[in-house]
Every structure is written in structure tokens, then in C-alpha cells.
Amino acid sequence: MPELPEVETVCRGLKPVLEGHRLTRVQTRRGGLRIPFPAGFVQHLTGRRVCQLHRRAKYILADLDNGETLVIHLGMSGRMTVYRDGAALVLDGLAGESVAAEEGHGPHDHVILFTDAPARIVFTDHRRFGLMTILKTAHLAEDRLFDGIGPEPLADSFTPASLSARIKGKKTAIKSALLDQRVVAGLGNIYVCESLFRAQISPRRQASTVAGARAAQLVPAIKEVLRDAIIAGGSSLRDYRHSNGQLGTFQHHFDVYGRTGEPCLRPGCGGTIRRIVQAGRSSFYCPKCQR
DNA sequence: ATGGGGGCCTGCCGGC
DNA sequence: TGCCGGCAGGCCCCCA
């Protein structure tokens, strides 16, 4: 499910109950998710204080006071529910947020973190493509999870030149190249489709031909799309503390994603959004204005 | 070395 | 109403 903006939104939503707070109790309700929990998972976490909560690519990282980091990935269906002050807040980054219906544990609630905020944080992931593990903070970058991951797209270091260098000579379609986390971190199917639309580049175009002038269009488009999505997600979080069940539902707005057969939204284009399959994934684009 | 396909899981939706 | 196929926003392994 979640791509960079959603993970960023979940991360920000967790900050008030995690950063600077101590984990008073930790429960696991199965042996692992996509990968098994490491030995002593619960013991390592219990009693630790979270010094810093941040994000890298699609991972949420909770740096602990013992030199270890709790690494969280939401996979495709992961979400967090925060129970605090008698209110329940669902952080899935997708619908922005919603208020949980009830406090009971469902069959897909896999990990529960209690903090001294005080709060209870429930990690739910029905498809179990997510993961939670613990790594040494000092050696995160060398771990196989992070080794080779590309630049953060919102960092100043992500420029047309740096993107060009990474896709130069690539024969694969630009769509597939952008999904490769080694090329750029954090993009998934939706934001790749949306970025290519904004840059008016066809998802079918060979990646190598985007290096250069087209990259100068694409990089700002990627940054814009991600920033817009983060702002939308963030604004839906603003009323967190005052959540009383009456929060407005934030709806993601996409120009092409999931809009097969609908008119292109570019003024004056008049094209029709098409769906194709590339590397087993759906791509949505306007064949008229994306070349 | 690079790139495509399949698999991991479960749930939902549309069509018959 | 019920069943079945297709689909899902991630990632990793394997094979060509």
C-alpha cells in the first residue's frame, strides 16, 4: 500500500506517541511478518526509549537509546492504529486517517507497542508483506535492507543529473526503472504513474532516453507529486489531538492512477487514460500527451 | 549484469 | 446468493 508520502504521514502521526517516549510493553501475536521477528525482539524493545523517529525510503525507523533501531515496513496493507486519550486514530496514510471503530484485537493485529505517552500502538497487516526487525543503528546503511537504496527524492541531492546518471544506458522502461528502489527511494506504482503524467513522459519510454532533458522535467515532477501528497496527508493529521470521530475523510486525488477510460485532465488534451501492464504491474497514462 | 516473472498473503470487487 | 477469477500501492528470489 504505502509509498513515500504515506509512510511519511504515518511516521509524523506516530511521533507524538513514540519520539521521546519509552516502550513500556511490547506484544507480538505471531512469529513474524514477511520475515521472522529476530530472537529476543520483545526483550530488546521493552523499556527502551525512542530517541528519534524518522523515515528512509519506505521504512519507518525508531532509533532506541541502546544503539539499536526498530525498523518498520508497512508492506502493502500495513497500518498503525494509535489509541490515546480515549481516542483511536488509524494511520494508514491512504485515506489520511480515520477513527478506529473499536478497541478489540483483530486477527491481523500483529504487534502492539505500549508507550508512556501513554498510548497503545497497534500494527495491523492482513497481507503480512510488512516487516518489523531490529538493527544496530550504526550499521543500518550497510544492512541488506538499505544497502544500495537510491537517493531520497525530496533531498537536494536528487537532481536531474543524479537521476540521469542512474538510468543512463538502462534498456528497461522508465516506469520500471523508477520502481527500482536503487534508482530512487520511496516511489511505488501510484506516484511513478502520477510523476510521469506530470512530466508528460510515457511509462513505456526506454529509461536511457530520459537521461538528460527529460530528466529535467521528471525530477521536479516527482518532487511536486510527493510534496503535494505529503501536504495532503499531513493536513489530514493536523487535528489529531482533537480527534473526536468527526474528522473529514481525505481523498487522494490522482490524475491518472485508476482512471482507465476517463478523460485526460490536462487542459486541452482530450486524450483518454489507458491501462497497460509492465513488469506485471498496472501503468496508467495518457497516450496522447505522454510521449 | 540486467531485467522479467513468479511467489508471498489475504481481501475485495465485479461478472456470471 | 454464491463462486471464481482478477486485482491490489512491496519486495525478494530465481532464471534467462
Side-chain angles (χ1 to χ4, degrees), chain A residues 1-11 29-36 55-60 71-80 90-96 106-111 123-133 143-150 153 165-197 203-208 210-211 222 225-226 228-230 232-233 250-261 275-285:
Chain A
M1 164 186 74
E3 305 180 33
L4 186 152
E6 291 75 32
V7 178
E8 180 65 29
T9 298
V10 172
C11 189
R29 312 186 83 234
R30 58 181 305 118
L33 300 165
R34 196 178 82 218
I35 60 174
R55 178 193 60 74
R56 168 74 172 120
K58 296 173 194 168
Y59 293 88
I60 295 169
V71 178
I72 303 168
H73 195 292
L74 301 174
M76 278 175 78
S77 58
R79 67 173 196 265
M80 297 282 187
V90 179
L91 301 170
D92 60 11
L94 182 62
H108 305 300
D109 294 341
H110 305 309
V111 180
F123 179 72
T124 308
D125 181 10
H126 69 83
R127 287 179 74 181
R128 274 184 270 138
F129 285 179
L131 72 83
M132 268 201 202
T133 194
D143 189 89
R144 58 198 307 271
L145 289 181
F146 299 97
D147 180 37
I149 281 192
R166 285 171 188 266
I167 59 178
K168 200 176 67 173
K170 272 197 179 291
K171 295 218 175 112
T172 191
I174 185 63
K175 163 72 189 305
S176 303
L178 292 177
L179 282 177
D180 184 342
Q181 301 296 297
R182 293 168 300 184
V183 170
V184 57
L187 297 185
N189 209 28
I190 290 179
Y191 294 106
V192 167
C193 290
E194 295 296 313
S195 300
L196 288 170
F197 173 76
R204 307 172 61 175
R205 171 172 286 281
Q206 186 174 302
S208 62
V210 175
I222 291 170
V225 166
L226 296 177
D228 287 355
I230 290 172
F250 168 74
Q251 299 291 330
H252 269 295
H253 161 70
F254 301 128
D255 287 333
V256 287
Y257 190 83
R259 296 193 60 245
T260 311
R275 173 184 177 270
I276 59 172
V277 175
Q278 296 178 282
R281 315 289 302 277
S282 293
S283 296
F284 300 90
Y285 74 113

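Side chains included, hydrogens not; waters and symmetry mates left out as well; all remaining heavy atoms used. Order of the sequence lines fixes the chain letters, A, B, ..., with proteins taken first and strands second; residue numbering starts at 1 for each chain.
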Nearest-Å distance for atom pair [atom1]/[atom2], residues [X] and [N]:
X: Arg281(A); N: dG4(B); atom1: CZ; atom2: P; answer: 13 Å
X: Leu131(A); N: dC11(C); atom1: CG; atom2: C1'; answer: 9 Å
X: Leu33(A); N: dG7(B); atom1: CG; atom2: P; answer: 22 Å
X: Asp125(A); N: dC11(C); atom1: CG; atom2: P; answer: 12 Å
X: His73(A); N: dG9(C); atom1: NE2; atom2: C1'; answer: 11 Å
X: Tyr59(A); N: dC11(C); atom1: OH; atom2: P; answer: 6 Å
X: Leu4(A); N: dG9(C); atom1: CG; atom2: C1'; answer: 13 Å
X: Asp180(A); N: dG4(B); atom1: CG; atom2: C1'; answer: 13 Å

Can you tell if the side chain of [X] reaches within under 4.5 Å of the side chain of [Y], non-hydrogen atoms only?
X: Val183(A); Y: Lys170(A); value: yes
X: Leu178(A); Y: Ile167(A); value: no
X: Thr9(A); Y: Leu91(A); value: no
X: Leu196(A); Y: Tyr285(A); value: no
X: Leu4(A); Y: Pro153(A); value: yes
X: Leu74(A); Y: Arg79(A); value: no

Can you list the residues that meet the ring-ring contact (aromatic ring centres under 6.0 Å, His included) rule with [X], with sequence neighbours excluded?
X: Phe284(A); result: Tyr257(A)
X: His110(A); result: none
X: Phe123(A); result: none

Distance below 4.0 Å between Tyr257(A) side-chain N/O and dG9(C) OP1 or OP2: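 Yes, within the criterion.
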
Could I get a table of every N or O pair under 3.5 Å where one atom is in the protein and the other is in nucleotides 8-11 of chain B?
{"unit_1": "dC9(B)", "atom_1": "O3'", "unit_2": "Arg128(A)", "atom_2": "NH2", "d": "3.2"}
{"unit_1": "dC9(B)", "atom_1": "O2", "unit_2": "Arg127(A)", "atom_2": "NE", "d": "3.0"}
{"unit_1": "dT10(B)", "atom_1": "OP1", "unit_2": "Arg128(A)", "atom_2": "NH2", "d": "2.8"}
{"unit_1": "dT10(B)", "atom_1": "O4'", "unit_2": "His126(A)", "atom_2": "O", "d": "3.4"}
{"unit_1": "dT10(B)", "atom_1": "O3'", "unit_2": "His108(A)", "atom_2": "NE2", "d": "3.3"}
{"unit_1": "dG11(B)", "atom_1": "OP1", "unit_2": "His108(A)", "atom_2": "NE2", "d": "2.8"}

Contacts of type salt bridge (Lys or Arg N to Asp or Glu O under 4.0 Å), residue Arg55(A), not counting sequence neighbours: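 Result, salt bridge (Lys or Arg N to Asp or Glu O under 4.0 Å) vs Arg55(A): Glu8(A), Glu152(A).
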
Pair listing, salt bridge (Lys or Arg N to Asp or Glu O under 4.0 Å) test, anchored in residues 175-186 of chain A, at least two apart: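 Applying salt bridge (Lys or Arg N to Asp or Glu O under 4.0 Å) to every pair that reaches into residues 175-186 of chain A, excluding sequence neighbours, yields Asp180(A)-Arg182(A).
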
Given dG10(C), dC11(C), dC7(C), the nucleotide with the shortest approach to the side chain of Gln181(A):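 My answer, after comparing the listed nucleotides, is dC11(C).
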
Stems where DNA chain B pairs, listed by first number, each of three or more Watson-Crick or G-U pairs under 3.5 Å: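 Correct response: B:2-8 with C:10-16, B:10-16 with C:2-8.
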
My understanding is that only residues two or more places apart in sequence, or in another chain, count here; which of them pass side-chain contact (heavy atoms from CB on, under 4.5 Å) with [X]?
X: Arg29(A); result: His105(A), Asp109(A), Ile112(A)
X: Ser208(A); result: Gln206(A)
X: Ile35(A); result: Leu131(A), Thr133(A)

Can you check the distance between [N] and [M], where both ends of the measurement are the [atom1] atom (answer in whole Å)?
N: dG6(B); M: dG6(C); atom1: P; value: 13 Å
N: dA1(B); M: dC11(C); atom1: P; value: 23 Å
N: dG5(C); M: dG7(B); atom1: P; value: 16 Å

Short N/O separations, protein against nucleotides 13-16 of chain C, under 3.5 angstrom:
{"unit_1": "dC13(C)", "atom_1": "OP1", "unit_2": "Arg144(A)", "atom_2": "NH2", "d": "3.0"}

Contact residues, residues 167-176 of chain A to DNA chain B [heavy atom, < 4.0 Å]: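 DNA chain B contact set from residues 167-176 of chain A: Lys170(A), Lys171(A), Thr172(A).
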
